[in-house]
Amino acid sequence: MKTPNVTLNNGLKMPMLGLGVYQTRPGKETEQAVIWALEAGYRHIDTAAVYKNEADVGRAIRASGIPRADIFLTTKLWNADQGEDAVLKACDQSLDRLGVEYVDLYLIHWPVEGKRKESWRGFEKLLDQKKVLSAGVSNYTERHLEELLGSSSLVPAVNQIEFSPFLYQKKLYEYCMRRGIQLEAYGPLTQGKKLDHPAVQAIARNRERTAAQVLLRWAIQHEIVVIPKSIRQERIQENSQLFDFSLKAGEMETLDGLNENFRTCWDPTDAP
Ligand code: NAD
């Protein structure tokens, strides 16, 4: 199934669905998941230096025979590599491991205090060098974004944050929308922990869809990019069947009302 794109603030297109590979083991497990995703029609993969599976992602992309230009590839700068010069080296190392000339999106994985502004300057250089087509951030709160926008004219193309109906960060979502920063949802399936919630199950039954598809579709209808993770072929396929149905306004409202600040990952709220 063809995935629609969003257009980023730099004019580049980003597929609204990608495969996440956090906690996907290096080696065969990652390679196979990426191949299944590409076979299922995904054209967007989200990895990170710290996931230790960039080489396997790169191998799978090459094995697929799909032209590099047709795949949107994201990786992330790890905390230990923050700093203007360190960023340049870390990016080169990621590109080497991936076996590619550029990534479509490079993200600051976490807003490390005292380093993040310098790192952003490094990102500006990487854009100039065309090693990175789009620069973005991850786990940035409104406060971190305000600081960044106050010190640089380069507006992040993307902010990747944990986001689901159970962690509906409406204020941050609206803030990003207003400034043309595309929101990207990690943990869009709550790592599977809320799939049996009765309200989600009821909508899934009515629509003859699965709970996972309902959560992903909710984000898509809010114009948020999703990167669900799975290593199982049938789930990878299931998670891609999102563009032949839509949730009704009332169903969206029900899901909007499920927020309970539920997190599966780290909480950047108090990150200095
Ligand atoms: P997720 O919400 O995508 O949940 C994945 C889990 O949900 C799977 O391991 C599986 O247990 C279950 N699952 C997947 N498909 C299913 C289906 N169809 N039916 C039932 N269960 C299903 O969680 P995630 O992996 O934490 O997030 C997705 C991606 O976001 C990651 O792989 C990674 O690429 C990215 N991420 C980024 C950060 C960051 O700090 N930037 C943090 C966490 C994750």
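One-based numbering, in listed order, for ligands and for the atoms of each. In this text, all values refer to a predicted model and were calculated from it rather than measured experimentally. Along the sequence shown, residues are numbered consecutively beginning with 1.
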Participant: What atoms of ligand 1 come closer than 4.0 angstrom to any heavy atom of D46?
Facilitator: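 Numbered from 1, ligand 1 contributes 33 (C), 34 (O), 35 (C).
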Participant: Are N159 and R179 side-chain neighbours, meaning at least one heavy-atom pair lies under 4.5 Å?
Facilitator: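 Answer no - side chains too far apart.
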Participant: If I take atom OH from residue Y22 and atom OH from residue Y186, how far apart are they, to the nearest 0.5 angstrom?
Facilitator: 8.5 Å
Participant: Polar contacts were defined as any N/O atom of the residue lying under 3.5 Å from an N/O atom of the ligand; does this apply to T264 and ligand 1?
Facilitator: no
Participant: With heavy-atom distances below 4.5 Å as the criterion, would you say the side chains of W218 and M252 are in contact?
Facilitator: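 W218 reaches M252 side chain to side chain.
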Participant: With respect to L195, determine whether any N or O atom, backbone or side chain, lies less than 3.5 Å from an N or O atom of ligand 1.
Facilitator: no
Participant: Could you tell me whether D92 and K89 make a salt bridge, using a distance below 4.0 angstrom between a side-chain N and a carboxylate O?
Facilitator: no
Participant: Give me the one residue out of K130, R68, K131 that meets salt bridge (charged side-chain N to carboxylate O under 4.0 Å, His left out) with D104.
Facilitator: R68
Participant: List the closest protein heavy-atom neighbour of atom 37 (C) of ligand 1: residue, atom name, distance to the nearest 0.1 Å.
Facilitator: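 That would be Q160 OE1, 3.0 Å.
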Participant: Decide salt bridge (charged side-chain N to carboxylate O under 4.0 Å, His left out) for R209 and D244; before the verdict, give the C-alpha distance in whole Å, the side-chain angles of both, and the deciding distance to 0.1 Å.
Facilitator: CA-CA 11 Å; R209 294 285 167 159; D244 56 351; 3.0 Å; yes
Participant: On a heavy-atom basis, I'd like to know which of Y22, W110, Y186, F163 is closest to atom 38 (C) of ligand 1.
Facilitator: Y186
Participant: Would you say P228 has any N or O atom under 3.5 Å from an N or O of ligand 1, going by distance alone?
Facilitator: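 No, P228 has no N/O under 3.5 Å of an N/O on ligand 1.
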Participant: Could you see which bit of P188 sits under 4.0 Å from ligand 1, with heavy atoms only: side chain, backbone, both or neither?
Facilitator: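 P188 to ligand 1: contacts from backbone and side chain alike.
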Participant: Say whether N239 and ligand 1 are in contact under the criterion: heavy-atom distance to a ligand atom below 4.0 Å.
Facilitator: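 Contact present.
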Participant: Within the 4.0 Å heavy-atom shell around H109, which atoms of ligand 1 are there?
Facilitator: 39 (C), 40 (O), 41 (N)
Participant: Among all protein heavy atoms in this structure, tell me which lies nearest to atom 3 (O) of ligand 1, with the distance rounded to 0.1 Å.
Facilitator: K229 N, 3.0 Å
Participant: For W266, take its heavy atoms, then give the atoms of ligand 1 lying under 4.0 Å from any of them.
Facilitator: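 What qualifies from ligand 1 is 40 (O).
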Participant: What residue and atom, counting heavy atoms only, is the protein's closest point to atom 2 (O) of ligand 1, and at what distance?
Facilitator: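 Going atom by atom, the protein heavy atom closest to atom 2 (O) of ligand 1 ends up being L189 N, 2.8 Å.
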Participant: Distance under 4.0 Å to a non-hydrogen atom of E238: what atoms of ligand 1 satisfy this?
Facilitator: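 That gives atoms 17 (C), 18 (N), 19 (N) of ligand 1.
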Participant: What is the closest protein heavy atom to atom 19 (N) of ligand 1, and at what distance does it sit?
Facilitator: R235 NE, 3.6 Å
Participant: Please name the pair of heavy atoms, one in T190 and one in S164, separated by the smallest distance, quoted to 0.1 Å.
Facilitator: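 T190 and S164 have their closest heavy atoms at CG2-OG, 3.5 Å.
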Participant: Atom 40 (O) of ligand 1: which protein heavy atom is closest, and how many Å away?
Facilitator: N139 ND2, 2.9 Å
Participant: What protein heavy atom lies closest to atom 27 (O) of ligand 1? Include the residue and the distance to one decimal.
Facilitator: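 Its nearest protein heavy-atom neighbour is G187 N, 3.0 Å.
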Participant: Kindly say whether the aromatic ring centers of H197 and F262 come within a distance under 6.0 Å.
Facilitator: no
Participant: Do L216 and Q213 touch side chain to side chain, with heavy atoms closer than 4.5 Å?
Facilitator: no
Participant: Using the ring of each side chain (for Trp, its six-membered ring), is Y168 parallel, tilted or perpendicular to F163, with breaks at 30° and 60°?
Facilitator: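 Perpendicular, since the angle between the ring planes exceeds 60°.
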Participant: Is it the case that ligand 1 has an N or O less than 3.5 angstrom from some N or O of K76?
Facilitator: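 No, K76 has no N/O under 3.5 Å of an N/O on ligand 1.
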Participant: For atom 23 (O) of ligand 1, grab the closest protein heavy atom and report residue, atom and distance to one decimal in Å.
Facilitator: Q191 CG, 3.3 Å
Participant: Looking at R116 and Q82, what are the two nearest heavy atoms and their distance?
Facilitator: CA-OE1, 3.3 Å
Participant: So, is C265 polar-close to ligand 1, with some N/O to N/O distance under 3.5 Å?
Facilitator: no
Participant: How far is atom 28 (C) of ligand 1 from the closest protein heavy atom, and which atom is that?
Facilitator: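 Heavy-atom neighbour on the protein nearest atom 28 (C) of ligand 1: I227 O, 3.0 Å.
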Participant: Do you know which two heavy atoms are closest between N139 and I161, and how far apart they sit?
Facilitator: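 Reported closest heavy-atom pair: N-CG2, 4.0 Å.
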